[in-house]
Amino acid sequence: MAASDAREPLPQFPRDFLWGVSTSAHQIEGAVDERGPSVWDAFTAVSGRVKDGTTAAVACDHYHRYREDVALVGELGAGAYRFSVSWPRVLPGGSGEVNTAGLDFYDRLVDELCAAGVSPVPTLFHWDTPLALDGEGERESGGGWLRRDTAERFAEYAAVVAGRIGDRAKKWITLNEPAEHTLLGHALGQHAPGKQLMFDALPVAHHQLLAHGLAVRALRAAGVTDIGIANSHGPTWPASASPEDVQAADFYDVLLNRLFADPLILGRYPDFIGQLLSATTGDVEADLKVITEPIDWYGINFYQPTKVGAPLPAAAGPTEFSGLTLPPELPFSVREIEGRAVTDFGWPVVPESLTELLTGFRDRYGDRLPPLVITENGCSYEGLDDQRRIDYLDGHVRAVHQALAEGVDVRGYFVWSLMDNFEWAEGYRQRFGLVHVDYETLERTPKASYAWLREALRAQRA
Ligand code: BGC
C-alpha cells in the first residue's frame, strides 16, 4: 500500500475555501513571435544565463493549447485557476498600442474557464516586463522598474486588461513576488533583466509597490472588487542564538518578508529601508499612501523556510542556495537545514513551517492583516509516479488547516503548478507540475499527484 493510501483523509476545510492551481504566462505560453519582446527574451538569449541553455519561446505552447489545459483544470475539480497576463502580449511596446490578438487570447481563456466552471484569477505581472520599457543596459540611467514611470505605465496596462476581462474575472492579483524580481532580477542578476545592482536595486522594490497601488486604483475604477497581491514569504531561522547570527537573520527577514509586507499592510517601510529609499527615490511618504490602497486579501507564495547566519569569511567564496549563487559580500549567509528531505531543487521540505509563517503573520500584523490566500505552494520532483509531491502537498495542506485551527483567516490554497513549465534560470530542469509535459511532443500526462488532488478536492465537496 502506498504511503498516501495509509494516511488519514485531509481534514475538512470551510465550504467556501478556494482551491486552485497556478501558472504564469512566460513559463507556459510560448508563442513568442505573437507578442512583443520581454526582458526574459533578452535575458535568455544570452548564452550561459539559463542552466540548460533553453528559452521559453515554445514552453508548453499553452497559447495554442489552452483549451486542453483548461480541460485539465476543470477535470481536476479546482475552483480557480491563477494565470498571468503577459504585459508585452497585450501592449507590445509597454504602453500605447494594444495587440488585439493578444487581448483576444485572454478573453477566450477566461470564457473557456468560465464554461468549465473554474473561476479565472489573473495576475497582471509575473516578471515579464516589456523590453521596450526596460532600456536594456541602462544601468546608470535606470530603465524598467528603476524608473518610476514604469509604475504609471503598469496602471494603464491594468486598466486595459480589466476593461476586457473584468466582467468575468472577479478575483485579481496585481504583482507576483516583487521580492524575487527585485533580488534575483535586479540585485543579483540571476533572473531577467540581469542587473547586478545589489542595494542600489531598492528603487525597483518601491516602484513595483507603487505600481501595485496605482493598479489597485485602476482596477477599482474598472469595477473590480476583489484584489490581492502574491508575495513570497518564509520563516527565517537564525543559525544560532549568537547576536551575529540573529542580526543576519533579522536582516534577511526584512528583505524577504518585511520589505513588501510592511508597506502594504502597515503603510511604512522597515526603518533602514525607509532611510535608504528616501535618500534616492522621491517622496516616499506620499507614495506610501498609494501603496496602502486597501486590498481585499493578501497572497502568500510559500516554498520553504530559510536558516540564516552571519556572513561567512570571504575566503569561503560564493554559496549555493535554491539554485542561486550568493556572493560572499552579502550581510548574511544561508545555511543548510539539516535532517529534512529535499526536493529535486534541493529545497528542504518543512510543512509545519507554513503554519509557523501564517501564525507569525497574524502575530506580527494583528488586526491590520487582510485575509490570507496561499497563492503558490509546490515542489520540484521528476517522474509521473510522484508520491513525494503527494506527500509534500498533503503535509502543506494540513499545515494550512492547522493555521485555520489556530485562528488565522486563510481563504484559499493554490498549487504551483498545473503543469511542468519553464522554471526561469533552471530552464526545463525542474518540474513543478501536477501534469507532466513532454517538451518534444508537448503531450500532457497527469501525474499521480493530479489524481490525488482530484480525489482530495472531491472529498472536500462531498
Ligand atoms: C514563482 C514561480 C516559480 C516558483 C518555483 C515562485 O517563486 O512565482 O514562477 O516557478 O516559485 O520556483
Side-chain angles (χ1 to χ4, degrees), residues 20-30 38-40 43-44 50-52 54-56 59-60 62 81-87 121-129 173-188 190-192 205 208 212 228-234 255-257 259-260 298-306 320-324 334 342-349 354 357 373-382 386 389 392-393 396 413-435 437 449:
V21 284
S22 297
T23 61
S24 93
H26 189 78
Q27 293 178 274
I28 63 168
E29 282 183 3
S38 82
V39 292
W40 269 95
F43 183 79
T44 54
V50 176
K51 290 181 188 155
D52 63 1
T54 56
T55 74
C60 306
H62 168 78
Y81 174 62
R82 175 182 170 222
F83 61 97
S84 82
V85 177
S86 158
W87 186 353
V121 182
T123 300
L124 284 165
F125 179 68
H126 200 125
W127 305 348
D128 46 357
T129 315
I173 296 172
T174 53
L175 308 179
N176 180 73
E177 296 192 355
E180 269 60 22
H181 196 51
T182 307
L183 297 173
L184 309 187
H186 296 79
L188 298 175
Q190 292 170 32
H191 275 189
Q208 285 180 92
H212 156 83
I229 181 169
N231 278 307
S232 63
H233 291 294
L255 285 190
L256 178 68
N257 293 316
L259 170 55
F260 296 89
Y298 186 96
I300 290 187
N301 295 356
F302 174 76
Y303 289 91
Q304 54 176 316
T306 314
E320 296 294 319
F321 167 61
S322 288
L324 300 168
V334 175
V342 293
T343 69
D344 285 353
F345 217 147
W347 299 359
V349 180
L354 177 52
L357 176 74
V373 174
I374 308 301
T375 31
E376 282 182 28
N377 179 233
C379 49
S380 159
Y381 287 119
E382 283 291 330
D386 54 345
R389 177 171 288 103
Y392 181 101
L393 296 176
H396 285 79
Y413 175 88
F414 287 68
V415 175
W416 182 271
S417 176
L418 169 65
M419 57 188 164
D420 295 339
N421 55 50
F422 179 75
E423 177 53 32
W424 309 113
E426 295 289 316
Y428 297 100
R429 301 195 320 178
Q430 306 293 345
R431 292 181 177 267
F432 279 83
L434 298 165
V435 175
V437 177
S449 57

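Note that ligands are numbered from 1 as they come in the structure, with each ligand's atoms numbered from 1 the same way. All figures in this text were calculated on a predicted structure; none of them were measured in a lab. All values below were derived from every heavy atom in this structure, side-chain atoms included, with hydrogens, water molecules and symmetry-related copies excluded.
- Taking the side chain as every heavy atom from C-beta outward, V437 and N421 never approach each other to under 4.5 Å.
- In this structure E177 satisfies the salt bridge (Lys or Arg N to Asp or Glu O under 4.0 Å) test with no other residue, sequence neighbours excluded.
- Checked against N377 for a side chain to side chain donor-acceptor pair (under 3.5 Å), the options Y303, W416, Y413 give a single hit: Y413.
- Y381 is linked by a ring pair (Phe, Tyr, Trp, His ring centres under 6.0 Å) to nothing, counting only residues two or more places apart in sequence or in another chain.
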Atom pairs, nitrogen or oxygen, ligand 1 to protein, under 3.5 angstrom:
residue, atom, partner, partner atom, Å
ligand 1, 7 (O), E177, OE1, 2.5
ligand 1, 7 (O), E177, OE2, 3.0
ligand 1, 8 (O), H126, NE2, 3.2
ligand 1, 8 (O), N176, ND2, 2.9
ligand 1, 8 (O), E376, OE1, 3.1
ligand 1, 8 (O), E376, OE2, 2.9
ligand 1, 9 (O), Q27, OE1, 2.8
ligand 1, 9 (O), H126, NE2, 2.8
ligand 1, 9 (O), W424, NE1, 2.9
ligand 1, 10 (O), Q27, NE2, 2.9
ligand 1, 10 (O), W416, NE1, 3.2
ligand 1, 10 (O), E423, OE1, 2.6
ligand 1, 11 (O), Y303, OH, 3.4
ligand 1, 12 (O), E423, OE2, 2.6

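- Residue H26 is tested with F422, F125, W127 for a ring pair (Phe, Tyr, Trp, His ring centres under 6.0 Å); the sole match is F422.
- Taking the ring pair (Phe, Tyr, Trp, His ring centres under 6.0 Å) definition, one finds that F414 meets it with nothing, sequence neighbours left out.
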